[in-house]
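A quick write-up on the structure given underneath.
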Number of protein chains: 2
Amino acid sequence: MNDLLRKSIELYSGQSLSEECALQFNAFVFEKTLDKKALLLEAGQSCNYIFFVLSGSCYSYLADRKGDTQVVQFALEGYWISDLASFFSGNKSTYSIECLEPTKVLMMNKAAFEQACSAMPILERYFRVLIQNAYVSMQYRMAKTTSEEAEDRYTEFATRHPDFMQRIPQYLIASYLGIQPQSLSRIRKQLASKR
Amino acid sequence: MNDLLRKSIELYSGQSLSEECALQFNAFVFEKTLDKKALLLEAGQSCNYIFFVLSGSCYSYLADRKGDTQVVQFALEGYWISDLASFFSGNKSTYSIECLEPTKVLMMNKAAFEQACSAMPILERYFRVLIQNAYVSMQYRMAKTTSEEAEDRYTEFATRHPDFMQRIPQYLIASYLGIQPQSLSRIRKQLASKR
DNA sequence: CGGGCAGATTAACCTATGTTAATAAATGAA
DNA sequence: TTCATTTATTAACATAGGTTAATCTGCCCG
């Protein structure tokens, strides 16, 4: 089993993963390699997989009212990404997922997910905690977004995610923060002149 | 067992709840009645419970940078509300929860939550799906918030939650939407004149 | 090595929302 | 009922961020 994944499982489940489980897990997933700009998922299709990023990076997005890209999530190595609503319901996905770099992912479909969770309680717990944490930080981020200005949001993002800053183009970070690339440029300039 | 709760469990777990489970569940929770403006939770304390609203309504909020109230969630009858980060970690809560009306809640502490989930798989599943859905809609709401204008957000909120509109003061809805009460007033006026 | 394209910056102007302050309407307690 | 308090509205002005458009930078690929 991939080391990143093992660490993720042990970290979030709070338990250590037996060799046996690790082997069993491998039977439920498969690996895929994608080029930069390749799509892991296209909005409108049903999302049949959850993806674990082994190397590279990708992001999910939707088209807003005006047809512009609205970034929803970034995923570097060690992150899971998917359109969960579609994955769990089988309905058409609202998001697309695109690779930012050449990317390797592990893929797991719904049947495998259900089976793996039933077979290994540690996984059931792992995914529950993962989603729980994602929900909690989403809720917090939402509160910050509605109460703070773009400059503060950018500063917090840059502080929290220095690794993202290196590898993700600014115009996508701007979208994620809910502003135009031009505005982000302006904000960066202001911040630079403050020091 | 309360009927709202039974329906919620059956709806989200996708299974029907046996009489036996229903009785067993009751041993894990207790009821509390609160006045309007009473606090279910005060920011800074540890959040020891999750609350299921039986009647009345409440909302969670935090103080933003300027010390203003930033609404995080509303909960009418049939909703769960808590500070999950604090509930699961035991750390101090970032949110407060206040009753909007005289309110009756069911309360469940962490030990009870863990026990109940272990004892009854239907509950484990219920809470997982509940959080999963909450996460999914939070992510979607976030994308809408960063890409759409206040007017659209208000219209969508009003359409999706006509029940909230009747019972929640406008200045709290404004906070939830990330705008000032004055701006919401202005937006409502514009919308009214459009018809 | 050089042309083309994606990404970033800059600037001028525009608009939605914030701010401040005053008033009005609704609610609730005595 | 009346008064006090909370909530909602209105208006004038300020500003963060959007829009448009032009320029700049770097880098990928032929």
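Lettering of chains follows the sequences in order, A, B, ..., and the numbering in each one begins at 1. Just so you know, these numbers use all the heavy atoms, side chains as well, and skip hydrogens, waters and symmetry mates.
- Straight-line distance from the CD1 atom of Ile187(A) to the C1' atom of dA16(D): 8 Å, rounded to whole Å.
- Taking Phe51(B) as the reference, nothing meets the ring pair (Phe, Tyr, Trp, His ring centres under 6.0 Å) condition, with sequence neighbours excluded.
- Ring geometry for Phe74(A) against Tyr59(A) counts as tilted: the plane angle lies between 30° and 60°, on a 0 to 90° scale.
- Put simply, CG on Leu184(A) is 17 Å from C1' on dA11(C), counting in whole angstrom units.
- Scanning residues 155-182 of chain B for heavy-atom distances under 4.0 Å to DNA chain C yields Gly178(B), Ile179(B), Gln180(B), Gln182(B).
- With rounding to the nearest 0.5 angstrom, the SG atom of Cys99(B) is 12.0 Å from the NZ atom of Lys37(B).
- With hydrogens and angles disregarded, a donor-acceptor distance shorter than 3.5 Å links the side chain of Ser137(A) to the backbone of Asn133(A).
- Between Lys66(B) and dT19(C) there is a side-chain N or O to OP1 or OP2 distance below 4.0 Å.
- Counting only heavy atoms from C-beta on, Ser185(A) has its side chain closest to dA8(C) among dT6(D), dG28(C), dA8(C).
- Look at Lys36(B) and Glu98(B) and you find no salt bridge, because none of the NZ, NE, NH1 or NH2 atoms lies under 4.0 Å from a carboxylate O.
- In terms of hydrophobic clustering, with Ile, Leu, Val, Met, Phe, Trp and Tyr side chains grouped at heavy-atom distances under 4.5 Å, Ile81(A) and Leu62(A) are assigned to different clusters.
- Here the closest non-hydrogen pair linking Leu40(B) and Cys58(B) is CD1-SG, 3.9 Å.
- Residue-level contact check: Lys36(A) touches neither bases nor backbone, having no heavy atom under 4.0 Å from any strand.
- In this structure, Lys189(B) places its NZ atom 14 Å from P of dA24(C), rounding to the nearest Å.
- Within 4.0 Å (heavy atoms only), Arg188(A) reaches sugar-phosphate atoms of the nucleic acid but no base atom.
- Side-chain N/O atoms of Arg125(A) and Tyr12(A) include no donor and acceptor closer than 3.5 Å.
- The side chain of Arg186(A) lies closest to dG17(D) when the candidates are dA11(C), dA12(D), dG17(D).
- Applying a 4.0 Å cut-off to non-hydrogen atoms, the residues of residues 140-153 of chain A that approach DNA chain D are Glu149(A), Ala150(A), listed by residue number.
- Separating the CG atom of Leu100(B) from the C1' atom of dT6(D) is a distance of 14 Å, rounded to the nearest angstrom.
- Taking the six-membered ring for Trp and the full ring otherwise, the centers of Phe127(B) and Phe113(B) sit less than 6.0 Å from each other.
- Residue Lys37(B) places none of its side-chain N or O atoms closer than 4.0 Å to OP1 or OP2 of dT6(D).
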